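Sequence lines set the chain letters: A, B, ... in the order given, protein chains first and strands last, and positions in each chain run from 1. Bear in mind that the values here come from a model prediction, so they are computed numbers and not experimental data.
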Amino acid sequence: MAHGTHEHHIIPLKTYWTVFAALIFLTVVTVAAAQIDFGALNALVAFGIASVKASLVLGIFMHLKYDNMMNRVIIGSGVFFLLLFWFFSIIDIVTRIPQNSTL
Amino acid sequence: MSTVKSSSTGHHHAHHYESADHEYQSSKQGVWLFLCTEILMFGGLFVGYAIFHHLFPETFKVGSKFTDVRYGATNTVVLLASSLSMALGIYYNQIRDKNKAVMALLFTLLCGVIFMVIKYLEYSHKIHLGLMPGDWYRGNAEELAQYVGGLEIPKNLPLYFSFYFMMTGLHGIHVLVGMGLITWVTIRTARGEFGPEYYTPVEGVGLFWHLVDLVWIYLFPLLYLVS
Amino acid sequence: MATATAHHENSNYLNHEKGLWSWLTTLDHKRIGLLYFITVALFFLVGGIFALLIRTELYSVGETIMTAEQYARVMTYHGAVMVFLVIIPGIPAFLGNFFLPIQIGAKDVAFPRLNLLSWYCLLLGAGIALTSLFFGGADTGWTFYTPYSIKHSPAVICMALGVFVAGFSSILTGLNFVVTTHKLRAPGMTMNRIPLFVWALYSTAIIQVLATPVLGITVLLLAAENIFGIGFFDPALGGDPVLFQHFFWFYSHPAVYIMILPAFGVISELITTFARKTIFGYTAIAYSSLAIAAVSFFVWGHHMFVSGQSEFAGIVFSFLTMLVGVPTAIKLFNWMATLYKGSINLSAPMLYALGFMFLFTIGGVTGIFLATIATDVHFHDTYFVVAHFHYVMVGGTLMSIMGGIFYWFPKMFGRLCNDAWARVSFVFIFVGFNVTFFPQFVLGSLGMPRRYFDYLPEFQHLNRISTIGSYLIGIGFIVGLITIIHGLLKGEKSGPNPWGGKTLEWTTASPPPHENFLTTPVVTAGPYEYR
């Protein structure tokens with residue numbers, strides 16, 4: 001069995017604070033972007049910014065950037081199978097013969 | 001299961017592991033697998049949201065008008081700050097600074113409390129307007145139309161509040177569980193049970209708390225900023 | 001690390017600690033495995049009684065022993081108990097818990113406390129689900145299809161919350177197995193040397209971790225739908241009942257492989273040991289388990305061809321479903337190649353393995369009929385489907401549980417079962433099974449719908465044959481149970497390796513000592529080095 005070193009990687013304080021600043025900045029950007037109409041891209045913009053924030057949290061706060069490959073694979077497969085779930089459900093919804101909704 | 005005291009670190013690790021690091025890496029992998037299940041569980045709600053938002057964009061647009069971006073944004077900042085302090089709690093344990101670690105963890109806990117108080121204010125506002133999920137919806141269409149500046153109130157507006165309460169409710173339960181776990185590791189930190197060679201529980205609870213933050217990062221634009 | 005406790009000559013996991021309390025608080029994976037054995041066996045008895053009640057009702061046209069309302073409930077509890085409380089925990093949590101750590105040379109699973117917790121989750125979940133009986137019982141079928149299941153029924157709420165809690169049991173077992181397989185292998189036990197049973201359990205564990213959470217949210221939504229009427233699945237609010245089926249089958253189709261993959265693993269062990277021959281195509285069998293686990297997530301829509309799913313989605317799912325046949329056939333062909341020119345020993349475990357191959361092949365091939373949209377439209381919701389999945393679940397999983405029990409019995413208890421009586425149980429189960437379910441293929445293709453307590457008079461002959469077959473299965477399991485109890489009490493003492501197995505569990509004492517091995521084994525070769 002392969003083991004990592006006994007010294008765990010310690011991320012410097014400055015990095016944590018920088019990431020926090022970036023996250024706050026991106027939150028402001030999210031709110032600001034919501035005031036602008038990008039048309040069909042609205043959801044994509046909001047989701048894109050959220051994903052940048054998420055990867056900062058995952059990479060630095062959750063130490064994934066310095067972690068072993070397996071933990072990245074685990075979280076990646078969670079996201080992948082979620083997308084799969086979404087994908088196959090939505091292709092059913094969008095390819096159904098349109099019904100006249102009473103709503 | 002017995003424990004073995006390793007001469008170099010002074011920390012106990014379970015007998016079926018070879019070393020403290022072996023145990024640390026295994027435990028952390030277990031936590032990541034658990035987070036993976038959390039993602040898929042919340043994911044079910046996100047998939048539902050994506051589908052119904054696609055089918056009824058107006059319902060979601062009008063529904064989101066009843067949420068207050070100021071509350072949502074404040075809570076986002078609160079949770080981000082708590083994530084930072086959680087990471088710092090681990091950092092100070094890694095460099096064996098017990099007092100600062102306890103301070104950081106207590107601050108995290110405080111953020112959790114603030115988050116729940118704001119959530120409580122939001123919930124009581126919605127319940128006051130009768131904006132409850134599904135059958136419990138008591139909204140008066142005319143009154144509500146005034147509230148959102150004369151927009152037409154969609155017939156299935158309760159569906160939006162079903163999503164709102166299911167998503168924030170499940171998230172809120174996670175915040176409460178996380179607060180309980182943080183209390184536990186704070187006490188253990190204060191007792192001096194952790195140090196650079198052993199801080200696995202703080203790391204695990206930290207990962208869980210960050211995940212709660214991650215979910216909120218997505219919930220915020222979905223529920224408060226739907227255009 | 002040296003084992004600190006001094007091992008007495010006769011010290012083993014059974015007498016390491018004494019008393020009921022030591023069992024209820026045990027962290028030993030072997031004891032937890034046995035706790036699961038007892039629990040699952042009891043639930044199997046309950047589910048089996050429901051099954052016999054169903055068949056007895058169907059013995060004759062019209063009301064035989066129960067009303068239509070009672071029948072719907074009996075059918076629901078038969079399905080729910082058998083699926084959630086018997087077949088899903090059956091092999092992984094019982095045989096897997098016991099043998100996965102031993103087969104990879106570990107002292108325990110990675111998280112012994114979570115392992116014990118998982119057992120309590122199963123009990124608690126079962127308890128919550130059974131409280132539904134105080135509310136008149138659920139009659140929705142184990143699939144809880146909406147909109148019928150969202151009529152504010154307290155019984156459905158209890159069932160849903162019970163399934164939610166029991167789901168944690170499955171998740172914790174899976175999580176434990178993944179980390180154990182990754183991190184606790186003995187020195188020299190590379191991933192290319194782990195036994196095929198471990199590969200199968202590992203693949204299963206991945207599905208348990210990835211799919212069960214979606215079941216969790218599905219049943220939570222179902223409960224919320226009954227309590228609040230949230231409307232996700234309710235057309236009155238623009239919700240979509242078919243969406244429930246997407247949610248449900250995203251878990252429940254992969255769950256079919258949670259049920260069958262461990263069975264494949266058991267069969268791989270049995271075939272190679274009783275053919276006394278190195279397994280043919282180790283790598284192919286190992287990776288086909290992973291392939292099945294992966295493909296299982298792409299195919300759930302084949303349960304929904306006639307439920308209002310779009311035609312396009314149906315075509316996509318139909319095509320993808322055919323892919324499952326490939327890794328499954330790889331396994332079957334490799335087992336056959338292993339048998340070829342082997343010195344085959346027809347002891348009871350091997351009979352069960354051969355029975356499995358026969359029955360599973362029929363179950364698998366009829367699956368192709370159902371995966372094809374054109375034929376599925378005819379077969380859907382008929383007894384053809386019932387026969388198909390019983391051939392897979394009972395003919396597959398239960399046969400291999402029985403084979404696995406008789407194979408590992410000497411290791412678990414240090415005693416031998418009477419092989420002749422074990423074979424008798426096989427004959428009854430195998431013959432009874434075919435007598436029960438083969439006529440159902442015919443009934444289904446003639447158009448007899450499933451789930452009803454009555455049928456047209458012309459179906460009576462075949463139904464009578466089917467019912468008589470079910471009694472034969474019942475006798476077979478009773479004979480098997482008596483054989484096991486007799487083996488426990490009076491069985492001949494067994495040495496460490498009665499079958500000449502090559503995997504690590506056969507190198508330690510029978511029953512194994514508290515921490516499995518007196519010294520940590522060092523592995524220098526693959527798992528099945530016969531010749």
Side-chain angles (χ1 to χ4, degrees), chain B residues 1-6 13-19 22-49 51-52 55-56 58-59 132-137 154-167 169-170 173, chain C residues 1 3-5 26-29 101 106-114 152 167-168 171-172 174-176 178-180 182-184 205-206 208-218 220-221 224-225 227-234 236-240 243 246-247 250-251 515-516 520:
Chain B
M1 197 180 62
S2 52
T3 58
V4 175
K5 191 165 186 171
S6 157
H13 64 86
H15 198 202
H16 55 293
Y17 292 107
E18 287 164 28
S19 64
H22 187 204
E23 183 181 59
Y24 169 77
Q25 297 293 348
S26 306
S27 307
K28 204 162 70 169
Q29 189 171 83
V31 176
W32 277 107
L33 280 164
F34 176 70
L35 298 189
C36 178
T37 68
E38 290 279 12
I39 287 180
L40 281 152
M41 188 175 77
F42 275 104
L45 288 172
F46 283 108
V47 169
Y49 182 97
I51 287 169
F52 288 113
L55 292 174
F56 306 106
E58 276 304 307
T59 305
M132 300 275 280
D135 293 347
W136 296 38
Y137 180 84
K155 270 192 206 162
N156 63 348
L157 189 64
L159 188 66
Y160 175 83
F161 290 97
S162 298
F163 271 105
Y164 177 83
F165 280 102
M166 283 301 288
M167 291 173 122
L170 195 61
I173 290 170
Chain C
M1 200 162 303
T3 318
T5 39
T26 184
L27 298 177
D28 184 335
H29 67 99
K107 292 195 180 91
D108 207 320
V109 290
F111 311 113
R113 287 190 188 87
L114 292 185
H152 300 278
F168 275 100
I171 288 178
L172 292 174
L175 190 153
N176 236 325
V178 171
V179 180
T180 308
H182 282 166
K183 296 284 186 186
L184 292 182
I206 292 173
Q208 285 175 307
V209 168
L210 288 173
T212 317
V214 177
L215 175 74
I217 193 68
T218 307
L220 274 190
L221 289 174
E225 194 77 76
I227 299 167
F228 304 110
I230 52 171
F232 290 17
F233 309 128
D234 182 2
L237 282 178
D240 182 357
L243 187 66
H246 280 298
F247 271 64
F250 182 83
Y251 165 75
E515 285 192 328
N516 299 343
T520 305

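Looking only at side-chain heavy atoms (C-beta outward), C:P101 and B:H16 stay at 4.5 Å or farther from each other. The shortest distance between side-chain heavy atoms of C:L184 and B:H22 falls below 4.5 Å.
Aromatic ring pairs are classed by plane angle as parallel below 30°, tilted from 30° to 60° and perpendicular above 60°; the pair C:F232 and B:F163 is parallel.
With hydrogens and angles ignored, the 3.5 Å screen pairs a side-chain donor or acceptor of B:Y17 with a backbone N or O of C:A110.
Interface remark: B:T59 contributes no atoms to any contact with chain C (heavy atom separation under 4.5 Å). Looking at C:L175, both its backbone and its side chain come within 4.5 Å of chain B, counting heavy atoms on both sides. Neither the backbone nor the side chain of B:I39 comes within contact range of chain C; no heavy atoms are under 4.5 Å apart. Interface residue C:L210: backbone and side-chain heavy atoms are both found under 4.5 Å from chain B. Looking at B:F42, neither its backbone nor its side chain comes within 4.5 Å of chain C, counting heavy atoms on both sides.
C:A224 and B:M166 make their closest contact through CB-SD, 3.8 Å (heavy atoms, listed as atom of the first residue, atom of the second, distance). Of all heavy-atom pairs spanning B:D135 and C:H152, the tightest one is OD2-CE1, 2.8 Å. Minimum heavy-atom separation, C:K183 to B:Q25: NZ-CB, 3.8 Å.
When each of C:V109, C:I171, C:T212 is scored by its heavy-atom pairs under 4.5 Å with chain B, the top score falls to C:V109. Most heavy-atom pairs under 4.5 Å with chain B, from the set C:A211, C:G229, C:A106, C:G174: that is C:G229.
C:H182 NE2 to B:Q29 CD: the interatomic distance, rounded to the nearest 0.5 Å, is 5.5 Å.
For the side-chain contact (heavy atoms from CB on, under 4.5 Å) with C:I217, the qualifying choice from B:L170, B:V47, B:L40 is B:L170, the only one to do so.
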